[in-house]
Participant: 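Before we start, here is the structure in question, set down as structure tokens.
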Amino acid sequence: MNYLKLNDMITVKAFYIQESDPQKMLNDSYIELLVNEIGADTVQAIILTPLPSEVPLKRGDVLQIQEEEILYSVRLKDVPRSSRDDTKVH
């Protein structure tokens, strides 16, 4: 966790069952989050990725993430974007 800073963006993979599918298939999705609190062995982060309606999580929700769940991290200040609004949670 020493490499993470507040306002870093991290990526995790979430698995969910699509209830509308008669076969109840297991699906997955990559989720980008904004780190807003760092603990000894967990991180609290805000979901930035818009998610399908089948997923019980929504953009703006806060998740508690363990270090081994983080697939990728990037310093938000290093991300090129057209405007500061690109990472705002609405």
Participant: Taking side-chain contact (heavy atoms from CB on, under 4.5 Å) as the test, write out the residues that go with Gln23, two or more places apart.
Facilitator: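 In terms of side-chain contact (heavy atoms from CB on, under 4.5 Å), with neighbours along the sequence ignored, Gln23 is linked to Asp21, Met25.
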
Participant: With salt bridge (Lys or Arg N to Asp or Glu O under 4.0 Å) as the rule and sequence neighbours excluded, what pairs involving residues 25-36 come up?
Facilitator: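 Non-adjacent pairs meeting salt bridge (Lys or Arg N to Asp or Glu O under 4.0 Å): Lys13-Asp28.
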
Participant: When rounded to the nearest 0.5 angstrom, what distance separates CD1 in Ile70 from CG in Asp8?
Facilitator: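 Going from the CD1 atom of Ile70 to the CG atom of Asp8 covers 9.5 Å.
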
Participant: Do Leu51 and Ile31 touch side chain to side chain, with heavy atoms closer than 4.5 Å?
Facilitator: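 Of all side-chain heavy-atom pairs linking Ile31 with Leu51, at least one is under 4.5 Å.
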
Participant: Side chains of Val74 and Thr11: does their closest heavy-atom pair fall under 4.5 Å?
Facilitator: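 Contact flag for Val74/Thr11 side chains = no.
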
Participant: Which heavy-atom pair separates Thr49 from Tyr30 by the least distance, and what is that distance?
Facilitator: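 Here Thr49 and Tyr30 meet closest at CG2-O, 4.0 Å.
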
Participant: To the nearest 0.5 angstrom, please state how far the CD1 atom of Ile46 sits from the CG atom of Asp61.
Facilitator: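 Atom-to-atom, Ile46:CD1 and Asp61:CG are 10.0 Å apart.
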
Participant: Among all residues two or more places apart in sequence or in another chain, which pass the side-chain hydrogen bond (donor to acceptor under 3.5 Å, both in side chains) test with Asn36?
Facilitator: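 Per chain and number, Asn36 pairs via side-chain hydrogen bond (donor to acceptor under 3.5 Å, both in side chains) with no residue.
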
Participant: Of the non-hydrogen atoms in Gln66 and Glu69, which two are nearest, and what is the gap between them?
Facilitator: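 In this case the closest contact between Gln66 and Glu69 is N-OE1, 2.7 Å.
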
Participant: Can you check side chain to side chain contact (heavy atoms under 4.5 Å, CB included) on Ile17 and Asn27, steps first, answer last?
Facilitator: CA-CA 6 Å; Ile17 295 175; Asn27 293 310; over 6 Å; no

Participant: Do other residues, nucleotides or ligands put more than 12 heavy atoms under 6.0 Å from the CZ atom of Phe15?
Facilitator: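 More than 12 heavy atoms, drawn from other residues, nucleotides or ligands, come within 6.0 Å of this atom.
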
Participant: With Pro52, which residues qualify under side-chain contact (heavy atoms from CB on, under 4.5 Å), at least two apart?
Facilitator: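 Counting only residues at least two positions away or on another chain, Pro52 forms a side-chain contact (heavy atoms from CB on, under 4.5 Å) with Tyr16, Glu54, Val55.
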
Participant: Just to verify, which of Val35, Leu48, Leu33 counts as forming a side-chain contact (heavy atoms from CB on, under 4.5 Å) with Met9?
Facilitator: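 The single option meeting the side-chain contact (heavy atoms from CB on, under 4.5 Å) with Met9 is Leu48.
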
Participant: State, to 0.1 Å, how close Val12 and Leu71 come at their nearest heavy-atom pair, and which atoms those are.
Facilitator: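 That would be C-CD1, 4.0 Å.
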
Participant: Taking only residues two or more places apart in sequence, or in another chain, which ones meet Gln64 in a side-chain contact (heavy atoms from CB on, under 4.5 Å)?
Facilitator: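 Scan of Gln64 (side-chain contact (heavy atoms from CB on, under 4.5 Å), adjacent residues dropped) gives Thr42, Gln44.
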
